[in-house]
Structure formats: C-alpha cells, structure tokens
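Reviewing the structure listed below.
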Amino acid sequence: MQALMLAAGMGKRLGRYTQNGTKCMVQVNGKALIEYAIEALIKANIKKFVIVTGYRSEVLKEFIRSKFDEKRLNGMVIEYIDNPIYDKTNNIYSLWLAKDKLIEDDTVLLESDIIFDDKILMDLIESQDKNLAMVSHFEPWMDGTCTLLDEEKNIVGMLDKAHFNWNDISNYYKTVNIYKLSKEFSEQYYVPFLESYQKAFGKNEYYETVLKVITFLSKTNLKGFEVRGDQWYEIDDPADLAIAENRFAPTSEKLTMMENRFGGYWRFPQIIDFCYLVNPFFPPKKLSEELKSSFDILLRAYPSGAKEQNLLAGKIFNILPEHIVVGNGAAELINSFCSMVTGKTAIPYPTFNEYPARFCNSEIVEIPVNKNIFEYTVSDILTAVDKSGANNVLLINPDNPTGHFLKKEDVLKLLDELKTRNVQLIFDESFIDFADKEIRYTLIDESIIEKYPNLVIIKSISKSYGVPGLRLGILVNSNPELIEKVTKNNSIWNINSFGEYFLQIFDKYKSNYKEACDKLADERKRFSKALSNISGIKAYPSQANYILCEYNGKQNITELTESLLENHNLLVKNLVRKHLFEGRNFMRLAILEPENNDLLIEAIRHETLK
C-alpha cells in the first residue's frame, strides 16, 4: 500500500498563511498539515509516499526534509512529481501526472488541505473493501462534492454544487477527499477514464468528476467508508483554519478555545452546549414554521426603523413605546446605556462580566456577598450604597452565574429605599421568567416604572425566548428622554427583519411561552436533584435556567470540564477565572432538554468515578 497526495495548488483563499509556503505547510496548533499527514501514514505502515507538488515546490520539499529524517520516516520513502503548470490547471492534471504511480500499487489518495484523526486512516486501510471513498453524513457546515449510498454503502451517485438539493440533505454523504483505490481499480477504470476525460474536457477540471462518471458503472464497486464529521476538517480559508484548530486542539486548550468563540457552535454539531443560556422549550415548532414561511421575503426586505421596533415590543410587554427600546440583544443595550452611567455603581459579585466591562464612566463598588452560599439581601445592598455613596445599583435577578433570587416584595422595598436616596436601580430580569411560577414576576409594568423613575430594566429576549440567533433585547424606563438617548446610541437598523417579524407574531404564542417557562422550572428541580445525587457535586439553589455547581472530586474543575468536552462532547462553563471563584471548583450548567441533561449527569458521574 502506497499513498499519493495532491499538493500543487496555491491556496489563495488562505491569504497570508500561504504567502511563504504551500497549503499543506499551514500550521494547525503549531504543526503543519503535511506533518500530521506524514505521521499518520507512518503509523499506518505506508512505505511509499508520492507527493504531486507545484506552487513553491522546493520550499515544501525542504520543509519536509527538515522535519523528517530517515529515522523518523521509519522506512517510508517520499517521492515527488512536479506540476510545472499548477497555476493553469486543476487537480485532475496533477493526478494525471501521477497516473503511472497509481497503477503500481494499491493507493491511499488524499488531498493536502485536510486534517484528520489517525484512526480513520488506519480503519480505511484495514477495511476488507478494496475501493473506498471516505465520506461523512452531510452537515450544514460542509461544502463540496456529496455522494449517494445504497444499503450496502455502494456509491450510486456523486453530486456537484450544481445538482445539490437542500431538501435531500438527509440522504447525502460529503466526500472527505481521502480514498483507497486498488491497483486493479486504477488500472482498469480510473486511469483510462482520467485520460479520456482530460482529453475531452481539458486540464482545468477536478479528479472527483471522473469518479462521478465511474460510479455509473455497476462493476466498479466503489463504496463509501463512513466516518464522523468531527474526525476531519478541510481547510480552505482562515475561518476553516480557526475551526480546525478548535477541533484538533490539545485537551488542555480546547475548552478555552471553544469558550473564546462566544457561539457559532453549529459548526461543531457533535457538541452539546451547556455553556450558553437559552430557553430549550421555546419557540414552539409552529412559530418556527411561521418564520420559515416568510424566509424569502424577510431575507430580501429591509427591516423597519427603531421606532417601529419599539412599538412592536411595547405591544408585547404592554408598555408605552416611548418607555421601551429594542436592542440587538441585551448586549447592545448594556453597552449603549452603561456608557451613559456616571458616579459609583454598586454590584454584587460574582456577576455577568459584560456589565462591569461597560461601565466605562462609572466607578465599580463591590457589594459584599456570602462567599459560601453566594447570597445577599436588600439590607446588604443598602449598607453598601450608604457606605460607598453609590449613585447606581446593578441587580441581575436571578443572578448570573449563581441563580440567586430576590422576591418581588424585596425588590420593591429596595426601590423605595433607593428612591429616597436618589439612587438608580439597573434591574436585569433576563432570567426571571424561569423562576418557579408561584414566585415569578416582572417589573415591566407601567404602574411600576411610573412610580419608580429611578428604575431601568434590561431584558434579554434572546435568552428567555430561545432565539439568540435573532439578537433581541429590551430596555424599559419611564423617562422618554433616556429612551431616546439609548435609541440614538444604536443604529437605526439595529434589528434585522427576522427579529422584527418575531416581535410582530409573538403575541399568538404567549401561552406557549408560559408553558415553556413552567416546563423549565419543573426540569430544573429534577436536574438539580439528580446532580446533587452525584458524589462530589453540590448544586446551589437557582431560579434561572442554569445551576451553579461546586465540585469536590479527584480532579480539579478544569480537568473535569476538559474531560467532559474531550470524552463526551459536552461544553460547560468553567468558572475558575471568574471573580470570587478563583482557585475554587465551580461550574455553571445550563438547563437543556431532559435527554441532554441526562447525558450530562451520566458523563459527570462517569468522570467523577475515574
């Protein structure tokens, strides 16, 4: 068995990463793609490796010589074939140049821009089937040639972009661009077709097109060899490179790299996200279908301006439009409003870091919190205000990440006291709808905001209503001038058409929303109890859609959260770097659907028993 790599291309889409070297010299976590490939081939006991070079061929050859001496190659011989017109041809010509090598031996054919697990190459080679195309069940992040397989995994069709149909993706398998071809297959089918196709259509084609033609012949027996989508990645541009580095990072770095993405996890479909906080029981399917039904017109239509968005939000929350402003998520409103806040702002810690980061014109005063139970009272807040002379108080209720909750009567008492002191309360109720229904409340009420002009309310619709991709949030206050200032701080088109349409149709689904919040509260009780039954886990009381957990086991919290990601594809929030948690073993777990919560429970139990 030999290996053949096509590495003649210029990799233009990778920009600066290929200015001084070839595409396969691009570094992924400190190691070049060609290094990963050669190491995998050596492990697979491949004794001859043929590389078709072109762009910066001498640079590539010297790089390989510098990395792999005879001892490290372990008996593997590397041969080169140069494509002198690499800039005028596509990979069909590069493969044609190596046609004589193809018919010498069984061959693993691979492209130079792929990073992959060593195991899938070993499994491919060890398979009893002689002619295989490595494939993965199609996922939305994938691009390029797809195959159709029958029940025996025979490839019965190959689809290029022109014939791709999104309605049929459940039947598609994306080619990984790694193949195992027998000497007989190459000699009888592939090389003759390769030569004929090139004569007919020229050198500026792709070798997979020839395979597409061959699949119509029943005698070829080219099969699909299925691997998971997280076992490989094709790198065409800098965005691909960043994702590949996440996927193939060392265990000790992977968690941090994933957290630093701040979302976009649909590119990692194997991972279940217990880190970011959304409502898992809303929106209902019917609402999603209604959005989909208007997809084309919403995609092509400009949204309304900010004032129309405020009218729609005012209707949902029964608030006058001059008392409410819609933001591109709560994050935009936090930034727009908090930059206007001056004086001193009292905050109970730990807290959502976005707030203190945005109080750029205000001095932060820390409200003392019981560090054993992470609770505080109205009296604690008022004492800190009186002692520091604070002009503002930030209260996230339930608090993030602790889930600590102050009841309505306590918050109204706090508002009365702060009003007499001329102190503003910034009240974030992004998670308040998840509280147990007997204590659930909202301060978004005209009678409340009129009574307390010192009250500013911020609420994330993204989190509460399970639509983070729409980026919606609101800010409420009885002073129209303040609302106007915040509105002017934002772009006139800060809300896209999909977000506006959600606000437009939401009223029809209010009862579904209430049911979803009740369902989450019930699941929180079950989930919290199950977590508390795991040895070494302490689940703190919460009224939010997440649970703060302390871990007392053999590992530290970083080792545990890394193991959950590496071994179980479960992403949880490690709080080791958060203020008041430094050096302590705390994590925050989002509450998802029961089946996913059960997966996490079993994974934690498994890791704690090691």
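Taking the side chain as every heavy atom from C-beta outward, P401 and P350 approach each other to under 4.5 Å. Residues Q424 and K419 have side chains not in contact (no heavy-atom distance under 4.5 Å, counting atoms from C-beta outward). Proximity of I604 to L531: side-chain heavy atoms (C-beta onward) are separated by under 4.5 Å at one or more points. Between I557 and F581, every side-chain heavy-atom pair lies at or beyond the 4.5 Å cut-off. Two residues are said to be in side-chain contact when any heavy atoms from C-beta on lie closer than 4.5 Å; E332 and N490 meet this criterion. V385 is listed as a side-chain neighbour of V393, based on a closest heavy-atom distance under 4.5 Å.
For the pair K508 and Y513, the cation does not sit on the ring face, since its NZ or CZ is not both under 6.0 Å from the ring centre and inside 45° of the axis. Relative to the ring axis of Y546, R588 places its NZ or CZ within 45° and under 6.0 Å from the centre.
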In a table with atom names and distances, give each donor-acceptor pair under 3.5 Å that connects a side chain of residues 408-418 to protein atoms at least two apart or in another chain.
{"unit_1": "D416", "atom_1": "OD1", "unit_2": "Y452", "atom_2": "OH", "d": "2.7"}
{"unit_1": "E417", "atom_1": "OE1", "unit_2": "R421", "atom_2": "NH1", "d": "2.9"}

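Checked against the 6.0 Å centroid threshold, H404 and F374 do not count as a close aromatic pair.
Using a distance-only test at 3.5 Å, with no hydrogens or angles considered, a donor-acceptor pair links the side chain of E582 to the main chain of L580.
With sequence neighbours left out, the side chain to side chain donor-acceptor pair (under 3.5 Å) criterion links N567 to E607. Scanning for side chain to side chain donor-acceptor pair (under 3.5 Å) contacts around S362 gives T345, with sequence neighbours left out.
Below 30°, between 30° and 60°, or above 60°: for F282 and Y465 the angle between ring planes is above 60°, a perpendicular geometry.
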